[in-house]
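Indexing begins at 1, ligand by ligand and atom by atom, following the structure's order.
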Amino acid sequence: MAEITGNCLCGEVTFKLANDFQQFHLCHCSQCQKATGSAHASNLFTAPDNIEWLSGQAHIVRYDLPGRTISNAFCTKCGSPVPYVSQSGQALVVPAGSLNQTPDMTPRSHIFWPERAAWYDQAQEAERFDAFPE
Ligand SMILES: [Zn+2]
Ligand SMILES: [Zn+2]
């Protein structure tokens with residue numbers, strides 16, 4: 001099984017895991033919008049023991065939303081989401097953007113679709129630029 005590596009924005013937290021994912025959801029729920037500051041979370045799911053932390057584990061803080069099975073884990077230096085084990089203990093949730101190589105699966109579903117940002121559909125039609133517009 002090929003390995004895939006990941007890290008946070010500042011580079012303190014680094015990890016590797018087998019490129020072996022069972023699910024890939026784009027979650028549009030309002031909690032994921034808050035947790036990511038964006039339109040949706042892009043989370044891959046793999047076995048809970050499929051991770052080897054290489055550095056920076058002491059920088060990770062985990063947040064579990066009271067009364068809900070929603071969690072977030074992030075680097076306290078740069079705020080980037082990093083992998084965490086789900087509250088059920090049955091999956092490792094891996095933010096797709098934290099990975100350095102292409103995962104072995106593509107997104108399978110948009111979940112909590114009715115909660116998507118009011119501007120999400122229009123965003124698909126927005127003009128494309130290679131960088132900031134002139
Ligand atoms: Zn960081
Ligand atoms: Zn969500």
Undergrad: If you take all heavy atoms of T106 and F24, which pair is closest and at what distance?
TA: C-CD1, 3.4 Å

Undergrad: Should we count CD of Q124 as having more than 12 external heavy atoms under 6.0 Å?
TA: yes

Undergrad: Take the angle between the ring planes of H28 and H40 and call it parallel below 30°, perpendicular above 60°, tilted in between.
TA: tilted

Undergrad: Say whether, by atom type as modelled, one donor and one acceptor occur between the side chain of E52 and the main chain of K16 under 3.5 angstrom.
TA: no

Undergrad: Give the intermediate values and the outcome of side-chain contact (heavy atoms from CB on, under 4.5 Å) for residues I60 and F15.
TA: CA-CA 12 Å; I60 299 173; F15 57 90; over 6 Å; no

Undergrad: Under a 4.5 Å cut-off applied to non-hydrogen side-chain atoms, are L54 and N7 in contact?
TA: no

Undergrad: Would you tabulate the side-chain donor-acceptor contacts of residues 66-80 under 3.5 Å, counting partners in other chains and residues two or more places apart, or write 'none'?
TA:
from	atom 1	to	atom 2	distance (Å)
S71	OG	R62	NH2	3.4
S71	OG	D64	OD1	2.6
S71	OG	Q87	NE2	3.0
T76	OG1	H59	O	2.9
K77	NZ	E12	OE2	2.8
S80	OG	L9	N	3.0

Undergrad: With 2.8 Å as the limit, jot down which protein N, O or S atoms are around the Zn ion (ligand 2).
TA: C27 SG, C29 SG, C32 SG

Undergrad: Near the Zn ion (ligand 1), meaning under 2.8 Å, how many protein N/O/S atoms are there?
TA: 4

Undergrad: Please find the pair of heavy atoms, one from T14 and one from S55, that lie closest to each other, and give the distance.
TA: OG1-OG, 2.6 Å

Undergrad: Check side-chain contact (heavy atoms from CB on, under 4.5 Å) between F45 and all other residues, then give those that pass, not counting sequence neighbours.
TA: Q23, H25, N43, A91, V93

